[in-house]
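Order of the sequence lines fixes the chain letters, A, B, ..., with proteins taken first and strands second; residue numbering starts at 1 for each chain. Atom set for the values below is all heavy atoms of this structure, side chains included, hydrogens, waters and symmetry mates excluded.
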Amino acid sequence: MTLENIEEYRNKLRHSAAHLLAEAVLKIHPEAKLTIGPPIKDGFYYDFDINVTFSPQDLASIERDMKRSIKRNTKFEGKELTKNEALEIYKHNPYKIEIINSMPKGEIITEYSHSDGKFKDLCKGGHLDKTGEIKAVKLLSNAGAYWRGDEKNKMLQRIYGTAWESEELQQEYLEKRKQAIESDHRKLGTSLNLFFLDPISPANPFFLPEGTFVYNKLIDFVRKLYEKYDYKEVITPQIFSTDLWKKSGHYDFYLENMYMMEIDDHEVGVKPMNCPAHAIIFQSTLRSYRDLPLRIADFGRLHRYERSGVTHGLTRVRSFSQDDAHIFCDQKDAGSEIKNFLEMLKESYTAFGFNQPRLTLSLRPEKRAGSDDMWDIAEEQLRTVLEDFDETFEEIEGEGAFYGPKIDIFIPDVMGREWQLGTAQMDFSLPERFNLEFINNQGEKERPVVIHRAMLGSIERFIGILLEHTGGDLPFWLAPNQINIIPITDSHLDYSKDLYKKLKTKGLRVNIDYSNERLGQKIRNSEIKKIPVMLVIGDKEKDSKSASVRTRKYGDLGTLNENQLIEKLLSF
RNA sequence: GCCUCAGUAGCUCAGUUGGCCAGAGCAGACGACUUGUAAUCGUCAGGUCGGGGGUUCGAAUCCCUCCUGGGGCUCCA
């Protein structure tokens, strides 16, 4: 089977498993109303409208019943229904009625059954021939889910499961899932002493010295790129009068996510974004077309109130900073600015081994600012640049921000969930609201466009994703501790200290393990802390002024003399 | 915010038909050992059993409530 065929087959398999799940639930709870049960990545779910909740024991017994159904190996059979028939059969199920009524005219309505017709479900199809083809199935969890994903609707009970064409594949998948937990950035954050979270300030991470080192090193990395790509960094206030938020529109559109307070009888808000501050900087002086494009960068700390229940480790927090910048330019230059940005982004992502980010282009939504002409131009600019950059990008209708179209860059975490890191968003609204102008080469006033862009995105989120992708083995240049010198006994301490000084003066981040442990134990400790390089110093090394080099990435490199050693280390 | 599961030492966890002063391993401190590539031995210290309230002669264990976290939903200008 080709890859596509396997995917198609698995979708059928999982969709079929969802039907077995519905069948089993109905046996225990005949009053449950069926809604939908699609296949998803690695599994499937089914949503039930039911007044009870499922316990882990319930899931186990439901799973057993599904397996009995598999054993009976009955056929999946489809049957066409007229709209009237369908409406009659499902008259007690408002969800199915809604589905039937929302179908376009002329679409064929079908119902699928198995267990010799004892179970039937309105369904567009896509099933296996017989239930026995499901070789492995396991229910994983249950959760609440709103009908049609809208929180104004009733909350349904969802059961998630996984299903595979062989028991081995399922075992493999479950094993992979278990191992993924080891690379979870929250776990690594604790074991590597990088950061932690405390209920005293929920969703606001504390960065420990080594985590802070990584944080600052990432910012250094971005600053070097800013120099190369001609960005100007600024520092802007943390708190602004409500006047600013009213002008920018945040007061109308973003207030529920903002931290507001009252000072001197005046309402002020902590910034959730840098853009209004950058607009203030832009208009702080008269701007000429010769000043453009003006690229203003800001690592300012942002605070956004995220609803409880949506926060997550470092990847969704309430306080963070971004490698944020705003480009003020003539509309006709926007395309090349985006192009430059994507080049810089590629340069940075490659450095971290993120070789295949997923890119999306989000197009105009229903409610929007700016004229259709502006949207036409902007969308075409983005599309042209993207086609050149990565032909696999995906266009999404209606998903653009109200102020302009945007490009988003996604990288998955260790559980396969995707997170947005980089973004480039065109903005027609901000220049209007702040009445931004520059003097063009005709001596006339002209309105610039603003491009919001971030490469790494939130530094917090980036660290989280990077940790998961590296399993905690950060690149050598980013590792807070690069080298661990391990003297075998006290008698090797003097030479270890000599070596320490030599490496330190080369700018390498090095430590000596003074602990009174055996070699094996010291090596183990160093491995657990994922320190990239270990230098073992014994009699041999001391006498020949050398070190026995053990690395995490390249294994044992044998004994190197001081010059060889320094050369090697600087090459990492 | 909603559904669901969970919270015992710094970390990983044991401990429930309610019953002696709540346990282990790792990490930590101290001591012995002076060691050749992923765990040397011993001693000590460390806990409001997430917080509060209740039931009970008695609560880590049962009930209520709040907080925080995990998995989802929703949201993500």
Side-chain angles (χ1 to χ4, degrees), chain A residues 40 45 47 50 53-56 58-59 140-160 177 181 184 186-187 190-191 193 196-203 245 248-258 272-276 302 304-313 315-316 365 369 399-404 406 408 415 417 419-420 423 425 427 429-430 452 458 461 486-493 515-529 534-541 548-552 555-559:
Chain A
I40 52 174
Y45 68 79
D47 285 347
I50 185 173
T53 58
F54 300 106
S55 68
D58 293 337
L59 292 193
L140 299 172
S141 61
N142 60 322
Y146 300 103
W147 167 241
R148 297 245 146 134
D150 187 337
E151 67 180 321
K152 289 197 269 304
N153 290 336
K154 182 163 185 187
M155 180 163 271
L156 310 171
Q157 291 294 320
R158 174 174 296 181
I159 297 178
Y160 282 96
R177 224 165 160 254
I181 295 169
D184 188 308
R186 293 165 297 190
K187 194 170 175 120
T190 305
S191 62
N193 288 321
F196 66 90
L197 288 151
D198 189 288
I200 203 70
S201 187
W245 305 119
S248 69
H250 288 84
Y251 205 82
D252 295 326
F253 295 101
Y254 205 62
L255 192 62
E256 60 183 15
N257 284 294
M258 287 179 63
M273 293 171 207
N274 291 310
C275 29
L302 307 177
R304 299 182 186 174
Y305 172 74
E306 301 284 358
R307 297 158 91 189
S308 67
V310 306
T311 61
H312 181 91
T315 50
R316 187 83 182 264
E399 274 299 300
F402 86 89
Y403 50 73
K406 60 174 183 171
D408 288 316
M415 298 295 286
R417 294 172 294 213
W419 296 90
Q420 182 202 309
T423 186
Q425 316 186 353
D427 190 336
S429 171
L430 186 80
H452 308 250
S458 139
R461 177 178 289 182
I486 302 180
I488 294 176
T489 75
D490 293 354
S491 65
H492 310 115
L493 261 177
S515 68
N516 196 9
E517 295 290 348
R518 282 151 203 253
L519 179 60
Q521 176 75 80
K522 291 185 195 178
I523 285 175
R524 180 181 153 80
N525 289 340
S526 193
E527 292 281 358
I528 287 171
K529 291 293 175 199
M534 270 174 255
L535 302 177
V536 177
I537 308 298
D539 286 338
K540 250 181 8 195
E541 290 77 11
S548 171
V549 185
R550 174 175 165 141
T551 67
R552 281 192 54 85
D556 191 341
L557 300 184
T559 303

Touch class at under 4.0 angstrom, heavy-atom based, for A/Asp556 against every strand present: nothing
Sugar-phosphate, base or nothing in reach of A/Glu517, heavy atoms under 4.0 Å: base
Atom-to-atom span, NZ of A/Lys187 to P of B/G69 - whole angstrom: 18 Å
Note: A/Glu256-A/Arg307 ion pair, threshold 4.0 Å (strictly below): no
Sugar-phosphate, base or nothing in reach of A/Arg186, heavy atoms under 4.0 Å: sugar-phosphate
Rounded distance (Å) that lies between atom P of B/G1 and atom CG of A/Asp150: 19 Å
Separation of atom CZ in A/Phe196 from atom C1' in B/G10, rounded to whole Å: 11 Å
Residue closer to the 5' end of RNA chain B, A/Arg148 versus A/Tyr305 (nearest nucleotide): A/Tyr305
Identity of whatever pairs with B/U48 - Watson-Crick or G-U, under 3.5 angstrom: none
Atom pair NZ (A/Lys540) and CD1 (A/Ile488), whose distance is rounded to the nearest 0.5 Å: 8.5 Å
Gap between atoms CD1 and C1', on A/Ile200 and B/C67 respectively (whole Å): 11 Å
Between B/G69 (P) and A/Glu306 (CD): distance, integer Å: 13 Å
Any A/Arg417 side-chain nitrogen or oxygen under 4.0 Å from OP1 or OP2 of B/G71: yes
Candidate nucleotides B/U37, B/U68, B/U40, ranked by approach to the side chain of A/Pro202 - the nearest: B/U68
Under-4.0 Å side-chain N/O to phosphate OP1/OP2 contact, A/Gln521 with B/U40: yes
Geometric class of the A/His250/A/Trp245 ring pair [parallel <30°, tilted 30-60°, perpendicular >60°]: perpendicular
Sugar-phosphate, base or nothing in reach of A/Gly558, heavy atoms under 4.0 Å: nothing
Test item: A/Arg461 side-chain N/O and A/Thr315 main-chain N/O as donor-acceptor pair under 3.5 Å: yes
Sugar-phosphate, base or nothing in reach of A/Ala203, heavy atoms under 4.0 Å: sugar-phosphate
A/Arg550 side chain near B/G36 phosphate (N/O to OP1/OP2, under 4.0 Å): no
Sugar-phosphate, base or nothing in reach of A/Gly520, heavy atoms under 4.0 Å: sugar-phosphate
Sugar-phosphate, base or nothing in reach of A/Ala143, heavy atoms under 4.0 Å: base
Touch class at under 4.0 angstrom, heavy-atom based, for A/Lys540 against every strand present: base
Sugar-phosphate only, base, or nothing, as touched by A/Ser548 at under 4.0 Å among non-hydrogen atoms: base
Any donor-acceptor pair under 3.5 Å from A/Asp47 side chain to A/Leu156 backbone: no
Short side-chain N/O contact from A/His312 to OP1 or OP2 of B/G71, under 4.0 Å: yes
Any-strand Watson-Crick or G-U partner of B/A32, both distances under 3.5 Å: B/U40
